[in-house]
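To start, the structure under review is shown below, and the notes come after it.
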Amino acid sequence: GNSVTQMEGPVTLSEEAFLTINCTYTATGYPSLFWYVQYPGEGLQLLLKATKADDKGSNKGFEATYRKETTSFHLEKGSVQVSDSAVYFCALSDQGNQGGKLIFGQGTELSVKP
Amino acid sequence: NAGVTQTPKFQVLKTGQSMTLQCAQDMNHEYMSWYRQDPGMGLRLIHYSVGAGITDQGEVPNGYNVSRSTTEDFPLRLLSAAPSQTSVYFCASSLGDNVPDTQYFGPGTRLTVL
């Protein structure tokens with residue numbers, strides 16, 4: 001079945017450091033890929049998304065490129081801020097996203113120190 | 001728009017008790033879903049609905065019931081709570097007519113079963 005694997009956390013960085021959170025997936029067909037972010041005490045918010053191979057999603061300085069050849073969707077940011085401290089989830093949906101079904105990775109906690 | 005709202009925010013139950021977690025959305029979304037979030041496991045889909053009167057099971061449906069009598073509401077029922085149901089529960093909704101279909105999450109309900 002479909003699955004998503006993320007690098008384990010927690011990840012601790014200093015402010016202005018470069019961030020990479022790895023995400024790989026297993027899926028049949030051509031899934032859409034997402035990164036969601038969960039700030040402390042809140043629900044999940046969509047951070048960025050990509051629908052097909054070589055698409056790059058971007059938002060708030062974060063980027064991720066849909067790599068079909070390596071089945072990956074790694075999240076990157078060039079310079080993190082303390083306000084980026086949160087849990088990040090990689091997710092996929094089957095082609096067409098029928099039924100609003102997402103498959104999530106286990107989440108990666110990011111802590112950014114001043 | 002209030003978006004996706006969930007009540008209660010916190011709940012403590014004893015084993016065997018029943019309760020209903022409420023979820024409502026005011027965005028006229030067709031798709032609604034329930035997920036549970038457990039440490040190290042990401043979010044897992046419990047039940048979902050593609051429209052009023054239509055529901056289906058997700059990955060972990062046992063011990064939970066749902067119904068969708070209106071577009072706006074999608075309550076989750078625990079008929080006989082068990083300690084294994086201690087978790088954070090998130091409701092989500094989406095339009096259902098886009099690819100990819102962005103899901104919007106509620107703030108969550110933290111449930112403890114003693």
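Per chain, numbering begins at 1; letters A, B, ... match sequence-line order.
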Does [X] have more than 12 heavy atoms from other residues, nucleotides or ligands lying within 6.0 Å of its [atom1]?
| X | atom1 | result |
| --- | --- | --- |
| B/Tyr104 | OH | no |
| B/Arg110 | CZ | no |
| A/Lys52 | NZ | no |
| A/Glu16 | CD | no |
| A/Glu8 | CD | no |

Below 4.5 Å, heavy atoms only, C-beta onward: do [X] and [Y] meet side chain to side chain?
| X | Y | result |
| --- | --- | --- |
| B/Gln103 | A/Tyr36 | yes |
| A/Gln38 | B/Gln37 | yes |
| A/Leu44 | B/Leu43 | yes |

Which atoms of A/Leu46 approach chain B - backbone, side chain, both or neither, heavy atom under 4.5 Å:
side chain
For the [atom1] atom of [X] and the [atom2] atom of [Y], what is their distance to the nearest 0.5 Å?
| X | Y | atom1 | atom2 | value |
| --- | --- | --- | --- | --- |
| B/Asp56 | A/Lys101 | CG | NZ | 7.0 Å |
| B/Tyr48 | A/Leu102 | OH | CG | 12.5 Å |
| B/Leu45 | A/Phe104 | CG | CZ | 9.0 Å |

Common cluster, A/Tyr39/A/Val112, ILVMFWY with side-chain heavy-atom separation under 4.5 Å:
yes
